[in-house]
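Inspection log for the structure reproduced underneath, given as structure tokens.
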Amino acid sequence: MKAKSAKDAHHGLPSGKLTPEERLEALRQLYLARYFDVRLIKEKKRGRLRGTLYSSHNQEAVLVGSLFGLRPYDWISPIHRDMPAFFLKDLRSGWTDPNRMGMSIEEVCAQVWGKVGSPGRARDNWSHIGSKRAHIIHSTSMLAGTIPVAAGAVLADRLNGGDAVVLTYNGEGSTAQGIFHEAINFAAIHKLPVITLVENNQWAYGTPYELGCPTKDVADRAKGYGIPGVVADGQDVFDVYDKVMVAVDYARAGKGPSIVECKTYRAYGHGDHDDDRAAKYRDPKEVARGRKRDPIAVAKARLISLGDLTKDEADKYRPEGKNASEVTDEDFPPEVVDYMKKGIEFALESPLPDPVEGGMWVFREDV
Amino acid sequence: MSAIPEQIELPKNYLSAIKEALDEEMARNEDMICLGEDIGILGGAFGVTEGLLAKYGKHRVYDMPIAEAAIVGVATGAALNGKTVMAEMQFIDFISCGFDQIVNMLATYHYRTAGDVAPGVVIRGPAGAYGGGALYHSQMNEAWFCNSPGLKVVCPSTPYDAKGLMKACLRDQNPVVFFEIKELYRKREIEQFLPEEDYIVPLGKAAVRREGTDLTLVSYGQNVWHCLTVAETLAEEGVSAEVIDLRTLVPLDEDAVFASLEKTNRVVVVNEAPMTCGFAGEVVARICDKAFPFLDAPPVRVTRMDTPVPWVKPLETYVLPSVEKILDASRRVLRY
Ligand SMILES: Cc1ncc(C[n+]2csc(CCOP(=O)(O)OP(=O)(O)O)c2C)c(N)n1
């Protein structure tokens with residue numbers, strides 16, 4: 001392997017400081033996010049799952065790149081299309097470390113299968129989870145509704161003398177909600193460490209970008225709050241990492257919130273129920289264009305150019321450019337497949353909740 | 001000349017009682033913070049939070065932007081991370097702007113996390129009509145919240161209760177919507193001497209404001225006082241009416257109502273909100289479900305008409321419950 005200086009290649013950006021091992025870990029996490037997604041699509045097709053799956057396919061670089069530089073105690077607030085974020089959080093501190101401050105794949109799978117092993121004991125579906133222990137704000141269906149909660153959590157952290165930041169995930173469509181404005185406005189006034197990550201995948205369900213957002217970029221909205229707004233290449237895990245790290249450092253230093261918009265593209269329909277209709281309301285040429293730069297392929301090219309990976313090594317696993325129906329387990333590293341398998345096994349073994357639990361926990365009783 | 005005492009113990013009005021509760025709880029609990037519009041520098045539109053900013057500083061008392069949803073959401077997040085939060089709605093009418101955050105985010109937190117997160121947030125604000133506040137400064141919208149599981153709903157009618165209930169709410173790690181009756185804030189006639197020592201009024205316990213044997217009048221907030229006037233008038237006619245002040249709507253002390261009915265066998269339930277799906281309907285339904293054998297007459301509701309609250313006095317009086325309307329209803333129930 002011909003190693004180039006990482007610094008040269010990255011012009012002193014945060015990713016330039018990553019070691020080759022860390023960069024390879026980023027690729028591995030991209031595989032993992034992709035495998036989670038395609039595996040659930042397959043499980044659903046086999047009739048083993050209920051509910052709607054909101055695929056993060058083609059958007060994985062946003063998840064991995066944004067989470068890669070966080071400290072374990074930082075908070076995140078993912079939404080429906082970010083399911084891998086729940087177990088990717090703090091994964092750098094070890095895939096098997098039981099004490100890491102992310103949720104485990106077991107907990108996440110138990111949630112997907114509606115079993116008691118999920119932190120919310122299967123009280124809500126799919127991505128509507130969170131964990132106080134893991135510092136993940138619990139999502140609800142109300143788009144953008146978690147941003148003020150995230151702001152409140154870091155406000156409390158600041159009052160306790162902490163320096164945690166919070167990264168909130170939002171689709172570009174959700175930025176039209178009034179609460180999006182209310183929350184960022186408040187965070188900006190108090191310079192709270194709230195990083196609003198916008199996953200601009202061009203479509204909000206059946207509505208294209210220009211019918212939801214009046215500005216050229218979502219990042220332009222930052223001007224209205226007097227905070228920075230930057231655009232990242234959402235297909236490039238290292239560009240996302242760089243831009244988010246700058247925002248994180250800025251926030252941690254007490255300078256306040258910012259918006260990081262990641263340009264990406266939704267691979268399938270809004271949810272799996274929408275795949276057929278999406279094939280009609282979206283121009284196939286646009287879809288092909290949007291999926292041309294698969295985040296896994298983009299990361300591989302970068303790693304090859306840095307000398308972290310040979311062409312042969314890069315070709316060993318090849319899920320990029322393929323749909324769920326076209327990949328097999330051989331397209332992924334075995335540790336990735338095993339990781340997910342453990343989660344599924346746990347979920348299948350975990351029991352359904354006792355029906356009486358449906359009436360429990362409306363109030364805290366011990367007060 | 002006689003010596004001037006350093007401090008004369010004076011009776012407290014309803015507003016000062018709440019102010020004292022907030023102040024004492026802020027002092028007692030370092031993790032308590034306050035959020036609301038104009039609550040710091042100004043001390044609140046009605047002066048409920050006067051002095052708190054000076055005493056506790058800007059990191060515990062926040063003048064918030066005019067954004068009710070953000071106030072509730074930030075309160076929820078801070079509570080998730082260990083704070084106890086008082087969130088003021090300048091007028092309870094504006095709570096609708098934060099409605100989603102209350103009913104979907106805050107109220108469901110404990111349930112959907114299977115008990116992991118109990119957000120200690122008290123949302124309080126001035127409520128109620130009778131002062132010519134018109135459509136958007138007169139509402140009693142308690143039923144919206146009683147219908148949203150996960151929220152406790154409280155409405156005091158006396159200074160003693162206002163302080164004791166507020167303290168109980170701030171120590172209860174559940175979200176509460178606390179309805180303050182703004183027409184009672186500075187009402188001289190209801191002022192009370194408050195105990196010097198710390199006390200709470202437990203949630204979920206009604207109070208018998210007047211004992212009686214012939215008729216039960218059930219209410220809360222402003223209309224408790226109307227019911228007491230009605231009871232006095234009836235007493236002159238030889239009728240003994242019992243007045244129950246619910247104080248807490250969720251959880252509801254239905255046993256107190258049933259116990260009273262067992263004596264009187266007749267009941268009028270009064271709420272200030274519109275009749276349709278109002279809280280009086282809930283009380284009547286529970287009586288019919290669980291205390292029907294005690295009844296000698298159909299229970300009757302007195303409520304606002306199903307209209308908004310109009311501005312000018314004659315119109316406002318026309319649509320709201322009043323002493324006359326409660327008296328009328330009582331006589332109907334007694335005659336049955
Ligand atoms: C307040 C609210 N309104 C409507 C919906 C229904 N809904 C769910 S997802 C969605 C589209 C979201 O688009 P976007 O924010 O761009 O995220 P994406 O799904 O593209 O990742 C809509 C309209 C909702 N969940 N919440």
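Only the side chain of A/Met142 comes within contact range of chain B, with at least one heavy atom under 4.5 Å from a heavy atom of that chain. Residue B/Leu151 touches chain A through its backbone alone, counting heavy-atom pairs closer than 4.5 Å. B/Val121 does not touch chain A: none of its heavy atoms, backbone or side chain, sits under 4.5 Å away. Both the backbone and the side chain of B/Pro149 come within less than 4.5 Å of a heavy atom of chain A.
Residues meeting the ring pair (Phe, Tyr, Trp, His ring centres under 6.0 Å) test with B/Phe178, sequence neighbours left out: none.
No more than 12 heavy atoms of other residues, nucleotides or ligands lie within 6.0 Å of CD1 in B/Ile66, so this atom counts as exposed by the packing criterion.
Considering only heavy-atom pairs separated by less than 4.5 Å from chain B, the leading option among A/Ala122, A/Ala187, A/Pro119, A/Ala156 is A/Ala156. Comparing B/Ala114, B/Ala107, B/Pro175 by how many heavy-atom pairs each has under 4.5 Å with chain A, the most go to B/Ala114. By number of non-hydrogen pairs under 4.5 angstrom with chain A, the leading residue of B/Ala67, B/Cys97, B/Gly77 is B/Gly77.
The two residues B/Gly150 and A/Val362 come nearest to each other via the heavy atoms N-CG1, 3.4 Å.
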Enumerate, by atom name, each donor-acceptor pair separated by under 3.5 Å where one atom lies in chain A and the other in chain B.
from     : atom 1 : to       : atom 2 : distance (Å)
A/Arg123 : NE     : B/Tyr111 : O      : 2.3
A/His138 : ND1    : B/Tyr109 : OH     : 2.8
A/Gly145 : O      : B/Gln101 : NE2    : 2.9
A/Gly152 : O      : B/Ala78  : N      : 3.4
A/Ala153 : O      : B/Asn81  : ND2    : 2.7
A/Asn160 : OD1    : B/Lys83  : NZ     : 2.9
A/Glu182 : OE1    : B/Ala69  : N      : 3.1
A/Glu182 : OE1    : B/Ala70  : N      : 2.8
A/Gly358 : O      : B/Tyr111 : OH     : 2.5
A/Trp361 : O      : B/His110 : ND1    : 2.8
A/Trp361 : O      : B/Tyr111 : N      : 3.2
A/Arg364 : N      : B/Asn174 : OD1    : 2.7
A/Arg364 : O      : B/Asn174 : ND2    : 2.9

